[in-house]
Amino acid sequence: MKKREGFEDGGVFAAGNGLLDRRLLLSGGLAAGAAGLALGQSPDWMKTPGRGFSGYGMPSKWQEKVQRPFSPAPGRPGTGSSRTPLHLLEGTITPNGLHFERHHNGIPDIDPARHELAIHGMVKRPLAFSVENLMRYPMETHIRFIECPGNSGGYASAQPAQTTAGGINGLLSCSEWTGVRLSTLLDEAGVQPGAKWVVAEGADAAAMSRSVPLEKCLDDAVIALYQNGEAIRPEQGYPMRLLLPGFEGNMCVKWLRRLKVTDAPVDARDETSHYTELMPGGKARQYMFLQAVKSAIVKPSFGMAMRGPGVYEISGLAWSGAGKVSKVEITADGGRTWAQAALGDPVLPKALTRFRLPWKWDGRPSVLASRATDETGETQPTRAAWVAQYATGQFYHFNGIQSWAVAADGTVSNVYL
Ligand SMILES: Nc1nc2c(c(=O)[nH]1)N[C@H]1C(S)=C(S)[C@@H](COP(=O)(O)O)O[C@H]1N2
Ligand SMILES: [Mo]
């Protein structure tokens with residue numbers, strides 16, 4: 001954690017245990033602890049010409065520890081997930097090489113010249129689109145998050161997991177997606193009366209399928225072809241994926257090959273055996289699509305160390321599948337008092353929002369937590385309230401309040417409030 005020196009205490013506390021007013025971030029009153037000026041001899045890298053060009057750039061070699069952690073199932077190298085190291089990144093956009101991955105049976109190597117998207121079922125004109133075809137349709141661009149419904153599921157366990165913010169919440173990424181609005185293609189195919197669902201299928205060896213309400217397909221669903229300006233990565237569904245803003249990541253079918261318009265959901269494996277909500281009494285709730293309002297502090301977080309009392313910036317990410325984040329509150333006294341954090345501009349719907357708040361840490365053990373509210377008025381429940389809604393074992397759709405304990409020695413651990 002970077003410590004900010006030189007802060008003058010001017011009666012600017014916004015909540016208990018040292019939380020400062022968010023407007024201080026704009027006032028310039030919080031100077032970072034820069035070292036005194038010492039221009040010595042030129043460094044080595046100024047004494048010989050630098051290296052040459054490259055066809056496709058890579059991050060600095062000094063950044064090689066910024067990786068997506070993964071632990072695939074033995075004997076099935078392409079099944080499982082890797083996570084975005086949220087605590088090692090800044091801003092809100094996930095670099096393409098660090099977008100989280102969740103594959104049910106590996107990444108197919110699709111030749112775009114031989115790939116087609118079929119639209120069939122309850123339509124007047126079944127259609128097939130080549131990649132080249134699709135590229136000729138009007139495109140639109142949106143910054144949207146994708147979150148696996150299993151993200152942060154560790155919070156359902158009895159003991160808090162001692163792992164990084166990315167390790168817990170990293171089945172979450174945010175990109176600028178460009179593609180063709182699905183409603184344009186469905187209009188062209190002509191949806192028949194009585195149609196209510198669209199079954200999406202991927203061209204991977206899992207042929208992963210999900211049923212999507214027709215209403216969503218006619219609303220803001222996009223056939224995404226580009227991710228942060230370049231062709232969508234193989235890991236994210238090259239040459240095309242379904243993007244359903246705010247809905248479960250699982251429904252954003254990658255390597256999309258087929259959309260079948262139907263009058264009922266198909267009860268695919270991933271909407272029956274997985275991604276359902278186990279309720280008290282043993283019944284499971286199905287077809288819960290929305291990724292509800294949520295937030296996580298990433299700085300400070302597990303694995304980081306605070307270097308003595310002083311002023312620090314608390315920063316994190318907030319998001320909601322229902323729209324824009326309207327407010328993020330932070331506590332430094334374990335939930336007794338809360339202060340409003342500053343939200344990074346612009347706040348976009350169904351996208352990650354960065355929040356920040358200065359904190360004057362006095363060096364005593366403290367518990368930090370964040371609580372987000374979205375524009376529909378939904379606020380994150382406490383972890384205990386979230387857990388109480390479900391049967392033991394349910395871990396999908398966790399959106400409870402998360403908290404970190406800062407010890408007197410500056411180490412950070414995961415705690416339950
Ligand atoms: N065809 C196909 N689509 C898929 C998957 C898959 O395994 N196959 N995984 C799903 C799951 S569970 C999630 S959370 C998201 C992950 O998207 P990403 O790998 O681009 O992060 O894709 C979904 N789409
Ligand atoms: Mo997922």
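Counting starts at 1 for both ligands and their atoms, following the listed order. Keep in mind it's a predicted model, so treat the numbers as computed, not measured.
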Using a 6.0 Å cut-off, check whether atom CZ of R125 has over 12 heavy atoms from anything other than its own residue. yes
Determine whether any heavy atom of R241 lies closer than 4.0 Å to an atom of ligand 1. yes
Show me which atoms of ligand 1 lie under 4.0 Å from any heavy atom of H104. 5 (C), 6 (C), 7 (O), 9 (N), 12 (S)
Identify the protein heavy atom lying closest to atom 3 (N) of ligand 1, giving its residue, its atom name and the separation to 0.1 Å. K254 N, 2.9 Å
G202 heavy atoms, cut-off 4.0 Å: which ligand 1 atoms fall inside? 1 (N)
Contact atoms of ligand 1, heavy-atom distance to Q236 under 4.0 Å: 18 (P), 19 (O), 20 (O), 21 (O)
Can you sort out which atoms of ligand 1 are near E235, meaning under 4.0 Å from one of its heavy atoms? 19 (O), 20 (O)
What do you reckon, does H103 have a nitrogen or oxygen under 3.5 Å from a nitrogen or oxygen of ligand 1? no
Taking only heavy atoms of C148 into account, list the atoms of ligand 1 that are under 4.0 Å away from them. 14 (S)
Between W177 and R144, what is the shortest heavy-atom contact and its length? NE1-O, 3.3 Å
Of all the non-hydrogen atoms in the protein, which one sits nearest to atom 8 (N) of ligand 1, and at what distance? D204 OD2, 2.7 Å
Salt-bridge present (K324, E375; N to O < 4.0 Å): no
Can you check whether T337 reaches N17 side chain to side chain, under 4.5 Å on heavy atoms? no
Determine whether more than 12 heavy atoms belonging to other residues, nucleotides or ligands lie under 6.0 Å from atom CD of Q162. yes
Ligand 1 versus C252: contacting region, heavy-atom distance under 4.0 Å: backbone
Applying a heavy-atom cut-off of 4.0 Å, say which part of F100 lies close to ligand 1: side chain, backbone, both or neither. both
Assess whether a salt bridge exists between E235 and K254, defined as any Lys/Arg side-chain N lying under 4.0 Å from an Asp/Glu carboxylate O. no
Looking only at protein heavy atoms, what sits closest to atom 15 (C) of ligand 1 is G249 O, 3.3 Å
Subset of ligand 1 atoms that lie under 4.0 Å from at least one heavy atom of V253: 1 (N), 3 (N), 24 (N)
N/O of E147 under 3.5 Å from N/O of ligand 1, yes or no? no
Looking at every heavy atom in both A292 and N399, which two are closest together, and how far apart are they? CB-ND2, 3.4 Å
Do the non-hydrogen side-chain atoms of H120 and R258 ever get within less than 4.5 Å of each other? yes
Distance-minimising heavy-atom pair for M251 and S211: CE-O, 3.6 Å
Geometry only, no angles: is M208 polar-contacting ligand 1 at N/O separations under 3.5 Å? no
Show the nearest heavy-atom pair for residues I107 and E101, with the distance to one decimal. CD1-OE1, 3.9 Å
Should R102 be counted as touching ligand 1, given the test is an N or O pair under 3.5 Å? yes
